[in-house]
2 protein chains.
Amino acid sequence: MKCSSYYLFFDTISNKTRMAIIESLLRGPKSVNDICGSINEEQSKVSHSLKRMVECNFLDVKREGKQRIYRLNQETVVPILKLVDKHVSKFCNKECMRK
Amino acid sequence: MKCSSYYLFFDTISNKTRMAIIESLLRGPKSVNDICGSINEEQSKVSHSLKRMVECNFLDVKREGKQRIYRLNQETVVPILKLVDKHVSKFCNKECMRK
DNA sequence: ATAACATATGACTTTCTATTCATATGAAAT
DNA sequence: ATTTCATATGAATAGAAAGTCATATGTTAT
């Protein structure tokens, strides 16, 4: 394993806004505005985040009229989240959850 | 899945120094000085990173004389890295690797 | 008790990164 | 062609996190 190449992956996912977007998209594909509504964040902020997540192939986009529909990469992102979930629930206590 | 709680996990792992430490510890437990040598970083920098990684249970420590031996949490961290490896090799091209 | 070695820690500074804001692009409707 | 709606983007700023340095703590040896 050449971990150095994982850096960008983790760097992209380690952000509250982007994590909220992932959480929202776990419930299904959404347009930018729908994401904004569901996580209560401003449009340009969300767009900047989305761009970065697409670059890393966390998400893909399709155009639909004026809208762009973003969808989670189910194949790899979801299984990784499940493992992290396991780690967090098994090893992380309250202090670990600060911030 | 409550992704919001994953934030600290990813935030801790998304750092070049800490990733280098993980990479080094994949090859077996090491003392602080050994880690410093293997990744060519300064001691206090490494210690600060180690502290944070222990808080998240990425690592554990045992004392051995004057030294402290750090060891990777094999149970969850290693499988996660493997999945990320899969994602990176399948979905991430060169541009994705910038920085 | 003191010295030497290994590691940890606090405070300051610097470096990054996210957010914000203003504006651009692009598609559909009139 | 112009307006409206949806989204993207560039540049500037603000904020956070990392690195640095000086020093503290703790362990072993003498």
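Letters A, B, ... are given to chains in the order of the sequence lines, protein chains preceding strands, and every chain is numbered from 1.
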Think A/R52 has a side-chain N or O under 4.0 angstrom from the OP1 or OP2 of C/dT17? no
Under-4.0 Å side-chain N/O to phosphate OP1/OP2 contact, B/N33 with C/dT7: yes
Residue pairs fulfilling salt bridge (charged side-chain N to carboxylate O under 4.0 Å, His left out) with at least one residue in residues 65-74 of chain A, sequence neighbours excluded: A/D60-A/R71
Any salt bridge (charged side-chain N to carboxylate O under 4.0 Å, His left out) pairs touching residues 20-47 of chain A, not counting sequence neighbours? A/E23-B/K2, A/E41-A/K45
What is the separation between atom [atom1] on [X] and atom [atom2] on [N], rounded to the nearest whole Å?
| X | N | atom1 | atom2 | answer |
| --- | --- | --- | --- | --- |
| A/R18 | C/dA18 | CZ | C1' | 8 Å |
| B/K62 | D/dT27 | NZ | P | 17 Å |
| B/I69 | D/dT27 | CD1 | P | 15 Å |
| B/L8 | D/dA16 | CG | C1' | 14 Å |
| A/M53 | C/dA18 | CE | C1' | 14 Å |
| A/D11 | C/dA18 | CG | C1' | 11 Å |
| A/K51 | C/dA18 | NZ | P | 13 Å |

What one-letter contact string describes nucleotides 20-29 of chain C from 5' to 3', where B marks a base within less than 4.0 Å of any protein heavy atom, S marks contact via sugar-phosphate atoms alone, and - marks no contact? BBB----SS-
To the nearest 0.5 Å, how far apart are CD in B/E64 and CD1 in B/I69? 4.5 Å
Between CZ on residue B/R18 and CZ on residue B/F58, distance to nearest 0.5 Å: 8.5 Å
Heavy atoms under 4.0 Å, any strand shown: does A/S31 hit a base, just sugar-phosphate, or nothing? sugar-phosphate
Examine distances only and state if a side-chain atom of B/N73 and a backbone atom of B/L59 form a donor-acceptor pair shorter than 3.5 Å. no
Salt bridge check: are A/K16 and B/D11 linked by an N-O gap of less than 4.0 Å? no
